Amino acid sequence: MAREYSEQEQVRRDARANMEEAGVNPYAYSWNVTHHSDEILESFDDARHQATEEGPAPEELRVSIAGRIMSRRIMGKAAFFHLQDESGRIQVYVSRDDLPEGFYNSVFKKMLDIGDVVGIEGFVFRTRVGEISVHAQQLEVLSKALRPFPIEKEQDGHVYNAMTDKEFRYRQRYVDLVVHPEVRDTFRQRARMISTMRSFLDERGYVEVETPVLQPIYGGAAARPFTTHHNALDMKLYMRIADELYLKRLIVGGFDGVYEISKDFRNEGLSRFHNPEFTMMELYVAYKDYDWMMGLVEEMVESIALALHGTTELIVGDKTISFKRPWKRLPLFDAIEERTGEQLFGKDQAELAAIAKKLGLEIDDTMGVGKLIDEIFGEFVEPHLIQPTYITDYPIELSPLAKRHRSKNGLVERFEAIVNGKELCNAFSELNDPDDQRARFEDQERLGNKGDDEAMQMDEDYLRALEYGMPPTAGLGIGIDRLAMLMTNSESIRDVILFPLLRPESEHESDEHGEGSTTEDSDESRKA
RNA sequence: GAUCCCGUAGCUCAGCUGGCAGAGCAUCUGACUUUUAAUCAGAGGGUCCCAGGUUCGAGCCCUGGCGGGAUCACCA
């Protein structure tokens, strides 16, 4: 069923039909691009490339470019428009007499619109007003745009008619990317961030591996999983919530250092810090401990900041954050004492509950020692940690996969890096005593039976691996999206994920999907 | 999940105390061979998110729903 077209869409469809009738293919096969707009703007040299009243340019700068028409100023027999390619925009000058007979009046003026993709061949010059432009001698239609773009206009840095609807931008990211060069920049920076991280790890000899996304037993973190099913084996499977237990099996297997940059999936709420599908980098290094890992993380993040921005001082929101090494290190209990005046080390559940209540927190009886400490930390300490800070030595109850602290009873060797009031990474000296690990899993099972749906599951195969002996190992998980937010000064995780999860589109937009999308479907999916 | 704010033309937004649905850009027609938010003259374009209610009359008031944003809470 064809949907109804808006006036502007109909105009564009008619133009496409006219093109075909005139023998112009609205969807060309290829175009030889020799230059990008930024290269032209950088390399143009008035002395060599600009014609003068005395004569032609000593050395013509000939270019072939391609991109979208983003604005048009038609003045009778000549016109200017801006062409946008990946690198930016450049103005193009078109005059009737430089194009094939009739092409300017029929095709250029009547059949092309803002948003169409065209190829231009010509020479570069500077206009009277001083803008470096391409004088077109050949113009080819490469792809006709049938939908109008929300066109932003700009003068003196002020943007008019800005496309601001967040939903529009996330749902139709392709349009957002066309209209907003800074969005393209954000994702280019994200890519550079990951490639910097990868080279950093590769240079140190760590092996990049791939472990299962579909897992019969999920583990490695406290979270609710997505559940799915394999038909042939008639088997329940979970989408991974972490890679941890598989990566540590590889340390057992004899790799000294392995890492994985992975999509993990957690069946939990959405917020500006949470997307159900997100990217994590996990790293495990044999014969090292958490103290060593702190050094590695700060070195890696510092080098990323330098690679992206050439500085360790980054502006994030209204704050300046310094990623310069070394970062502050602060034991969890000291951090809490600093902020609240309460020393929690060694306190039992009742004492902690009393302190939490005194501090004004809402608590209930099911909260254990670890949970209470975590609440107090999250409420009174974490939001105040703006500059990168390592919080170290967590209660054992919160960390079923971490090794007992070598000197502090009841704690584990674990750290989190907190930046701008949010957790950036989580790491520990890995627990490698299989019997201790079994006991910790059993504790988790008890929590699960009491209704904690984030409790970890017993993983017999993992225990078997540990029984073969895992060297002392340091492990790290770092939230790539969170790091990307910091590195690109983005206030929402949706601004660093190309296609963030959104609700399905409702029926008034169902024309997008043709027939299958009925009111009943939408109602069902909302209930789900 | 809770609270607050929002939903009007392709885009950005006005719309008074409830009284004929508006502007700029975009689109269409015409003029214009160095413009740049190009300019000038004219034209078309609306399920005012949806469903009820109050009213002589609803974009506006009331109820319910849907969608979005922000904040809070849980996980990274």
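Everything numeric here is computed off the predicted structure, so don't read it as measured data. Naming: A, B, ... by sequence-line order, numbering from 1 per chain. Heavy-atom basis, side chains included; hydrogens, waters and symmetry copies ignored.
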With rounding to the closest Å, how many angstrom separate the P atoms on U63(B) and U3(B)? 14 Å
In plain terms, say whether R190(A) and D481(A) are close enough for a salt bridge, that is, a side-chain N and a carboxylate O under 4.0 Å apart. yes
Sticking with atom P, work out how far U8(B) lies from C50(B), rounded to a whole angstrom. 10 Å
Check F80(A), F81(A), F103(A) against F108(A) for a ring pair (Phe, Tyr, Trp, His ring centres under 6.0 Å) and give me the one that passes. F81(A)
When rounded to the nearest Å, what value does the distance between C1' atoms of C61(B) and A41(B) take? 43 Å
S490(A) side-chain N/O to L486(A) backbone N/O, donor-acceptor pair under 3.5 Å: no
Rounded to whole Å, please give me the gap between CG in L270(A) and C1' in G67(B). 15 Å
Hey, which of these two, A222(A) or A162(A), hits RNA chain B nearer its 5' end, going by closest nucleotide? A162(A)
Roughly how many Å is it from CZ in F168(A) to P in C13(B), rounded to a whole number? 13 Å
Is there a side-chain polar atom (N or O) of T164(A) under 4.0 Å from OP1 or OP2 of C13(B)? yes
Contact list for residues 371-390 of chain A, test salt bridge (charged side-chain N to carboxylate O under 4.0 Å, His left out), sequence neighbours left out: K371(A)-E375(A)
Between C11(B) atom P and H180(A) atom NE2, what is the distance in whole Å? 13 Å
H82(A) has an atom NE2; how far is it from atom P of A37(B), in whole Å? 10 Å
Are R12(A) and E7(A) within salt-bridge range, i.e. N to O under 4.0 Å? no
Could you tell me how far G65(B) sits from C13(B) if I compare only their C1' atoms? Round to whole Å. 26 Å
The contact string for nucleotides 22-35 of chain B, one letter per nucleotide 5' to 3', using protein heavy atoms under 4.0 Å with B, S and - for base, sugar-phosphate only and none, comes out as --BSBBS-S-BBBB
Verify the contact: side-chain N or O of R171(A) to OP1 or OP2 of G68(B), cut-off strictly under 4.0 Å; return yes or no. yes
Let's test this: given Watson-Crick or G-U wobble pairing with both distances under 3.5 Å, identify the partner of G24(B). C11(B)
Does a donor on one side chain and an acceptor on the other come within less than 3.5 Å for E9(A) and S6(A)? yes
Is there a Watson-Crick or G-U wobble partner for U35(B) with both distances under 3.5 Å, and if so, which one is it? none
Base, sugar-phosphate, or nothing: which does E375(A) touch, judged by heavy atoms less than 4.0 Å apart? sugar-phosphate
Lys/Arg N to Asp/Glu carboxylate O, R414(A) vs E416(A), below 4.0 Å: yes
Strictly by Watson-Crick or wobble contacts shorter than 3.5 Å, is anything paired with A51(B), and which nucleotide is it? U63(B)
With rounding to the closest Å, how many angstrom separate the C1' atoms on G15(B) and A23(B)? 10 Å
What's the gap between A51(B) and A38(B) when it is taken at their C1' atoms, as a whole Å value? 47 Å
Could you give the CZ-to-P distance, from F273(A) to U71(B), as a whole number of Å? 8 Å
Quick one: look up who A41(B) pairs with, Watson-Crick or G-U, both distances under 3.5 Å, and put none if it's unpaired. U29(B)
NA contact type, R224(A), heavy-atom cut-off 4.0 Å: base, sugar-phosphate, or nothing? nothing
Quick one: Y160(A) OH to C13(B) C1', roughly how many Å, whole number? 15 Å
So does G130(A) get a backbone contact from the side chain of T127(A), meaning a donor-acceptor N/O pair under 3.5 Å? yes
Which base, if any, makes a Watson-Crick or G-U wobble pair with A2(B), both distances under 3.5 Å? U71(B)
Of E154(A) and R494(A), whose closest RNA chain B nucleotide lies nearer the 5' terminus? E154(A)
For the residue pair F44(A) and H49(A), categorise the inter-ring angle as parallel (less than 30°), tilted (30 to 60°) or perpendicular (more than 60°). tilted
Taking only the C1' atom of each, what is the distance from A21(B) to G64(B) in whole angstrom? 27 Å
Could you check how far CD of E9(A) sits from C1' of C11(B), rounded to whole Å? 14 Å
Looking at every strand, decide which applies to N275(A) at a 4.0 Å heavy-atom threshold: base, sugar-phosphate, or nothing. base
How close or far is atom C1' of A37(B) from atom CZ of R89(A), stated in whole angstroms? 12 Å
Could you measure between the two C1' atoms, the one in C20(B) and the one in G57(B), and give it in whole Å? 12 Å
